[in-house]
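Comments concern the structure below.
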Amino acid sequence: MVVWGGSAGTSSYLSTGGRYDPDTDSWTAISTAGAPSPRHAHTAVWTGSLMMVWGGNAGTSSYLSTGGRYDPDTDSWTA
């Protein structure tokens, strides 16, 4: 399982995440290099090999039209 982003309070948004390994019952932080800007209320989907993140809100009055894709095999982001 891969999780990313969200809210840490009323006006604090995250651009961090982690991977969960059920075999070891442990979490590992994922890379933040090249990750999308901090946001919440975004969409994240698993393609079978990549996590795609799009949209959301960063505390502005309009929604974001940016995102990225995360590859857990290389622990890297692509815009």
Side-chain angles (χ1 to χ4, degrees):
M1 173 173 57
V2 181
V3 296
W4 182 86
S7 174
T10 25
S11 61
S12 178
Y13 305 108
L14 305 172
S15 62
T16 59
R19 295 181 296 184
Y20 177 72
D21 182 343
D23 292 333
T24 61
D25 190 25
S26 63
W27 286 90
T28 303
I30 64 175
S31 173
T32 57
S37 60
R39 63 193 68 206
H40 75 110
H42 54 282
T43 298
V45 247
W46 182 249
T47 69
S49 60
L50 302 171
M51 177 179 63
M52 310 291 281
V53 170
W54 189 259
N57 187 288
T60 60
S61 60
S62 60
Y63 282 90
L64 300 168
S65 61
T66 59
R69 56 184 192 249
Y70 174 73
D71 184 339
D73 290 338
T74 60
D75 190 30
S76 63
W77 286 93
T78 305

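Positions are given from 1, in the same order as the sequence printed here.
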Closer than 3.5 angstrom, by distance alone: can the side chain of [X] be matched with the main-chain N or O of [Y] as a donor-acceptor pair?
{"X": "R39", "Y": "L64", "answer": "no"}
{"X": "D75", "Y": "S31", "answer": "yes"}
{"X": "T32", "Y": "A35", "answer": "no"}

Looking at [X] and [Y], what are the two nearest heavy atoms and their distance?
{"X": "P36", "Y": "G68", "answer": "CG-N, 3.7 Å"}
{"X": "A58", "Y": "P38", "answer": "CB-O, 3.5 Å"}
{"X": "S37", "Y": "S15", "answer": "C-CB, 4.1 Å"}

Handout entry: Distance, nearest 0.5 Å, that separates CE of M51 from CG of D71
Key = 10.5 Å
Handout entry: OG1 on T78 to CZ on R69, rounded to 0.5 Å
Key = 4.5 Å
Handout entry: Y20: partners by ring pair (Phe, Tyr, Trp, His ring centres under 6.0 Å), with sequence neighbours left out
Key = W27
Fill in the blank from the handout: From the list Y13, W46, W77, W54, ring pair (Phe, Tyr, Trp, His ring centres under 6.0 Å) partner of W4 resolves to W77
